[in-house]
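Predicted model, so just to flag it, every value in this text is computed and none were measured. Whatever order the structure lists them in is the order used to number ligands and atoms, beginning at 1. The figures here come from the full heavy-atom set of this structure, side chains too, leaving out hydrogens, waters and symmetry mates.
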Amino acid sequence: MTETTRPDPHSFYEEGQPRVTSLDWHIGDFNFTEMRMPGIAIWTFDGSGPTHLDMRGLEIIAIKDSHGDYLEYAVSEPVAVLGQRLTITVPEDKQVQILYRTSPDASGLQWMDADIAEGQPFVYTQGEAINARSYIPCQDTPSIKFTFGASITVPFGMRGLIAAAEHKTIVRQGNDTSTETWNMPYPVPSYLLAFAAGNLVSADISERSRVWAQPSLVEAAAHEFADIPKLMAAGEELFGVYPFGRYDVLVMPAAFPYGGMENPCCSFLTPSLITGDGSGLSTVAHELAHSWTGNLVTNADWDAFWLNEGWTVWAEEKIVAAVYGQDAADTNSRLLQREYELDAQNFREEGKFFLTALAHGYNEVDPDDVFSRGPYHKGKEFLRCLESLVGPSFQEKFVPKYLETYRFRSLTTGEFFRFACDELGVEVMNAAKATDWLYEPGIPSTAVKNSSAVVKRVEDLARLRAIPTGGEWTTSMQQLYLELLPRPLSPMMLKSLEDRFDPGNSPSIEVRWSYLMACIESEHFIVLTAVEHLLRGTGRMKYLKPLYRALTKTEQGRAFAERVFAEAKSSYHPVAVAAVEAVLA
Ligand code: BES
Ligand code: ZN
């Protein structure tokens, strides 16, 4: 097997092999004590003959044809990053049934005890980037899409959700379990294959949207996310009819490692978005925007991750500007720039600044290990640069043509480059310095200059260390101000901040986190109790990684960080544990 025959370096799938087109998936009988789940995956392919699937830590029980006769297969030795290669020969009728079992250390599953999830245990998946292979043997590459039907069997009293357009049935099996069936008629890649099972209830927001949450949160969630129909209307106005039928959201347990995950028809969201002030809606706008940029038009490999995230931030900002105004979009945009700058700085210190190239080609590692705001901020700025050169026709002609051309398909950075050259002209791409954006580190000189008055006001006040007075200070403005205040902050400054905003008690975890970061960076260790509270109360990596990293800069901080991590670790998701371990190492 040579490298060149694998179109996606993160999958064992080889060019020309039969590709999956649909799945019939049966899961359930979760063993929460052993943290294992049995599954049956019935795959249909577009042809017959030998092919490769990806798996990591799965135990294959049997592989059969559609008549139930056993098929031969081979499982390779584990390979770093990729996992194991499963080789099968697809029979003439193109169907293969795989009976398997997951392992307790599956990187794409988090199992939670009953006390965490309101009296019932909870289990859920996180497939992106390459973790789906730990809960289903699959062609785990975003270049291949398939439709699916699924059934999920859960203990009676629990709900089993699958991220899919159609909920078909719930059937009670005796006194112990119930089985829910789902159908997904729109093709999606493996990283979007998702489920959650737990004590979940729902509340309708509109005819095509509902929130799912644990009972104690559902009312607050329905209230917090009541604007979803407005966001959808703005999205449809900008990008055309919503492509996936329903759009629901599921409020996850606090350990969820991301702000949101755009699982199809049902975004998974961190519960910390529920603040009462609606400040989490830009994250919902982001996950919703992925319905067009990511789920409909998808990066074909993880080196093109910026096509998912850069386009989605671009789209999110348009939606936020349409619904909440340009100031809100600009403030969020400046916050993302700040996150990018910190990531770029860390990469620089680690000698990995090359990772700020949009297409860096560093495929030897797990995409999760090189995650940064590069694809988000720089990807979006690249698109803004093209937009500023092209004018209104970028949004009016180029974007619809892009979405139309690649709908329900995937593309690489190279394909995007050729498409943009054809549609926008080589002159525009040269004027933008497109190849610098894509293949060189850092932000090219062609980036659009920001001109937001509200951002400038916050920047000026922060630079002068002036305490803001008067006017309305949104959650995002408060956070931006805290982020931009020069370090270290004097004890007097901290006192004034507390008097003005009381950031340590803000309903927004974003504000609390920025404040605690500023305190740690100023060696103001009186806040350690609050830091511990935050580190134990959330599993979102966006907060954990920088906080743990900031703590390691002093002896006292490091000792504290190591103790808290040792104690909190078992409540974090496997990917978050790995990320924090890397920070503490
Ligand atoms: N798709 C991402 C989350 C993700 C990325 C999971 C890579 C696994 C690997 C999601 O859409 C996202 O970008 N979430 C952001 C939201 C923010 C930009 C508003 C997050 O969690 O921070
Ligand atoms: Zn995203």
S.K.: Does even one non-hydrogen atom of F305 get within less than 4.0 Å of ligand 1?
M.R.: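 It does, in that a heavy atom of F305 comes within the 4.0 Å cut-off of ligand 1.
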
S.K.: Donor-acceptor check, side chain of Y135 to backbone of L193, threshold 3.5 angstrom: yes or no?
M.R.: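 Such a contact is found between Y135 side chain and L193 backbone.
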
S.K.: Identify, by name, the N, O or S atom of H290 lying closest to the Zn ion (ligand 2).
M.R.: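 Per the distance ranking, H290 contributes NE2 as its closest N/O/S atom to the Zn ion (ligand 2).
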
S.K.: With under 30° as parallel and over 60° as perpendicular, where do the rings of H286 and Y376 fit, or are they tilted in between?
M.R.: parallel

S.K.: For atom 19 (C) of ligand 1, grab the closest protein heavy atom and report residue, atom and distance to one decimal in Å.
M.R.: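 Nearest protein contact, heavy atoms only, for atom 19 (C) of ligand 1 is T283 OG1, 3.8 Å.
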
S.K.: Do you know which of E510, E483, E459 makes salt bridge (Lys or Arg N to Asp or Glu O under 4.0 Å) with R338?
M.R.: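 Only match with R338 under salt bridge (Lys or Arg N to Asp or Glu O under 4.0 Å): E483.
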
S.K.: Using a strict 4.0 Å cut-off to heavy atoms of Q126, name the atoms of ligand 1 that fall inside it.
M.R.: 6 (C), 8 (C)

S.K.: Which of these, F244, F146, Y242, sits in a ring-ring contact (aromatic ring centres under 6.0 Å, His included) with Y186?
M.R.: F244

S.K.: Evaluate the criterion side-chain hydrogen bond (donor to acceptor under 3.5 Å, both in side chains) for residue pair E387 and W314; output intermediate values, then yes/no.
M.R.: CA-CA 10 Å; E387 183 178 15; W314 184 87; 2.9 Å; yes

S.K.: Distance under 4.0 Å to a non-hydrogen atom of E262: what atoms of ligand 1 satisfy this?
M.R.: 1 (N), 2 (C), 10 (C), 11 (O)

S.K.: Taking N or O atoms only and a 3.5 Å limit, does E128 qualify as a polar contact for ligand 1?
M.R.: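 Yes, since at least one N or O of E128 sits under 3.5 Å from an N or O of ligand 1.
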
S.K.: Show the atoms of ligand 1 that are less than 4.0 angstrom away from any heavy atom in E287.
M.R.: 10 (C), 11 (O), 12 (C), 14 (N), 16 (C)

S.K.: To which protein heavy atom is atom 3 (C) of ligand 1 closest, and what is the distance rounded to 0.1 Å?
M.R.: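 Closest protein heavy atom to atom 3 (C) of ligand 1: G260 O, 3.7 Å.
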
S.K.: For the Zn ion (ligand 2), find the closest N/O/S atom on E309 and give its atom name.
M.R.: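 Distance check against the Zn ion (ligand 2) picks out OE1 in E309.
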
S.K.: Among H290, R540, K542, which one has a heavy atom closest to atom 20 (C) of ligand 1?
M.R.: R540

S.K.: Using a 4.0 Å cut-off to any heavy atom of F371, which atoms of ligand 1 qualify?
M.R.: 5 (C), 7 (C)

S.K.: Taking distance alone, with no angle check, do S282 and ligand 1 share an N/O pair under 3.5 Å?
M.R.: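 No, no N or O pair falls under 3.5 Å.
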
S.K.: Taking 4.0 Å as the limit for heavy-atom contacts, which would you say applies to R373 with ligand 1: side chain only, backbone only, both, or neither?
M.R.: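 Side chain only.
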
S.K.: Would E339 and K542 pass as an ion pair if we require N to O under 4.0 Å?
M.R.: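 Yes, this pair counts.
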
S.K.: Check this for me - ligand 1, E309, N or O atoms closer than 3.5 angstrom, yes or no?
M.R.: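 Looking only at distances, the answer is yes, because the N/O contact criterion of under 3.5 Å is met.
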
S.K.: Just jot down the side-chain hydrogen bond (donor to acceptor under 3.5 Å, both in side chains) partners of W513, sequence neighbours excluded, or say none.
M.R.: none

S.K.: For atom 21 (O) of ligand 1, which protein heavy atom lies nearest, and how many Å away is it?
M.R.: G259 N, 2.6 Å

S.K.: Could you list all the salt bridge (Lys or Arg N to Asp or Glu O under 4.0 Å) pairs where at least one residue sits in residues 401-414, not counting sequence neighbours?
M.R.: K401-E423

S.K.: Checking a contact table here: which protein heavy atom is nearest atom 13 (O) of ligand 1, and how many Å away?
M.R.: Y376 OH, 2.6 Å

S.K.: Do M232 and Y247 come close enough that some side-chain heavy atom pair is under 4.5 Å?
M.R.: yes

S.K.: Indicate yes or no for a side-chain donor-acceptor contact from T312 to the backbone of T293 under 3.5 Å, with no hydrogens or angles considered.
M.R.: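 It does hold such a pair.
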
S.K.: Using a plain distance cutoff, I'd like to know if M261 has any nitrogen or oxygen under 3.5 Å from a nitrogen or oxygen of ligand 1.
M.R.: no

S.K.: Determine whether any heavy atom of M541 lies closer than 4.0 Å to an atom of ligand 1.
M.R.: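 Judged by the 4.0 Å heavy-atom criterion, M541 does not count as contacting ligand 1.
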
S.K.: Output yes when E317 and R384 qualify as a salt bridge under the 4.0 Å nitrogen-oxygen rule, no when they do not.
M.R.: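 Between R384 and E317 there is no salt bridge, as every charged N stays at least 4.0 Å from the carboxylate O atoms.
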
